[in-house]
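Protein chains get the first letters and strands the later ones, always in sequence-line order, with residue 1 at the start of each.
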Amino acid sequence: ETGVTQSPTHLIKTRGQQVTLRCSSQSGHNTVSWYQQALGQGPQFIFQYYREEENGRGNFPPRFSGLQFPNYSSELNVNALELDDSALYLCASSSGGGSHEQFFGPGTRLTVL
Amino acid sequence: AQSVTQPDIHITVSEGASLELRCNYSYGATPYLFWYVQSPGQGLQLLLKYFSGDTLVQGIKGFEAEFKRSQSSFNLRKPSVHWSDAAEYFCAVGATGNQGGKLIFGQGTELSVKP
């Protein structure tokens, strides 16, 4: 059984640029959730995708957007990067929209200069 | 609004000593509750979960947690800490309604283990 994988591991961007982060869900899971974890903080929910549709969104601006593909992998896109977007971005997969037992990937560390 | 509070930002215990990490939540119904552990630069690993039933739940790595509805608490315990337990621990509650499978996390408790 393959766990949740994320790419890239690390990324450095400059303010105003756009970034795409990728996540492959665990085998058998059809739901992907994205979280932002700032340094020294707990993860904050960005949004969840279930069967290719957004299924809940946290308090993040529209420049944070996502996609889920038919194989249940997912992308997180962030436009017009700001310095405060520097964080660890975590992807979690689960089985069934609304299911709370989520399995996390190792994360992507984004640094915005 | 749903929320999670972990009152202790940093705890240091001696190896072999017992451990209790505190977690209090605010929620209108029976919550789904979780404890996750995060090693430096890593993702989150699920230690244990509570959905319903027996209020004392067992998890991996010798951890257990007790759900106390009257105190709105879900404290994590381990009888004997090992040096490898040094990490950041997060308590989380599962949201409901139109928030889908949103998890709300506390700020975390950093555990240090003295030899």
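- For the set A:Pro43, A:Ala92, A:Gly42, the entry with the most heavy-atom pairs within less than 4.5 Å of chain B is A:Pro43.
- What you find for A:Leu90 and B:Gly43 is that their closest heavy atoms are CD2-CA, 4.0 Å.
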Walk me through whether B:Tyr36 and A:Gln102 qualify under side chain to side chain contact (heavy atoms under 4.5 Å, CB included). CA-CA 10 Å; B:Tyr36 284 87; A:Gln102 300 180 14; 4.0 Å; yes
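- Contact annotation for A:Tyr35: only side-chain heavy atoms (C-beta onward) come within less than 4.5 Å of a heavy atom of chain B.
- With a threshold of 4.5 angstrom between heavy atoms, A:Gln6 does not approach chain B through any atom at all.
- Residue A:Phe45 comes nearest to B:Leu103 through the heavy atom pair CB-O, 4.2 Å, listed as atom of the first residue, atom of the second, then distance.
- Counting non-hydrogen atoms of neighbouring residues, nucleotides and ligands closer than 6.0 angstrom, the CG atom of A:Leu83 exceeds 12 such neighbours.
- Other residues, nucleotides and ligands contribute at most 12 non-hydrogen atoms within 6.0 Å of the CG atom of A:Asn59.
- Within the 4.5 angstrom heavy-atom criterion, only side-chain atoms of B:Gln38, from C-beta onward, approach chain A.
- Between the CD atom in B:Glu88 and the CD atom in A:Gln37 there is a gap of 7.5 Å [rounded to 0.5 Å].
- Summarising the local packing, NZ of B:Lys49 is surrounded by 12 or fewer heavy atoms from other residues, nucleotides or ligands at distances under 6.0 Å.
- Under the 4.5 Å side-chain heavy-atom criterion for grouping Ile, Leu, Val, Met, Phe, Trp and Tyr, A:Trp34 is not connected to B:Phe90 through any hydrophobic cluster.
- Around atom CZ of A:Arg15, no more than 12 heavy atoms belonging to other residues, nucleotides or ligands sit under 6.0 Å away.
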Full working for side chain to side chain contact (heavy atoms under 4.5 Å, CB included) between B:Gln107 and A:Gln41: CA-CA 5 Å; B:Gln107 193 161 353; A:Gln41 303 294 318; 3.6 Å; yes
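- Taking each heavy atom of B:Phe51 and A:Glu101 in turn, the nearest pair found is CZ-CB, 4.3 Å.
- The number of heavy-atom neighbours closer than 6.0 Å to CD1 of B:Ile9, taken from other residues, nucleotides and ligands shown, is 12 or below.
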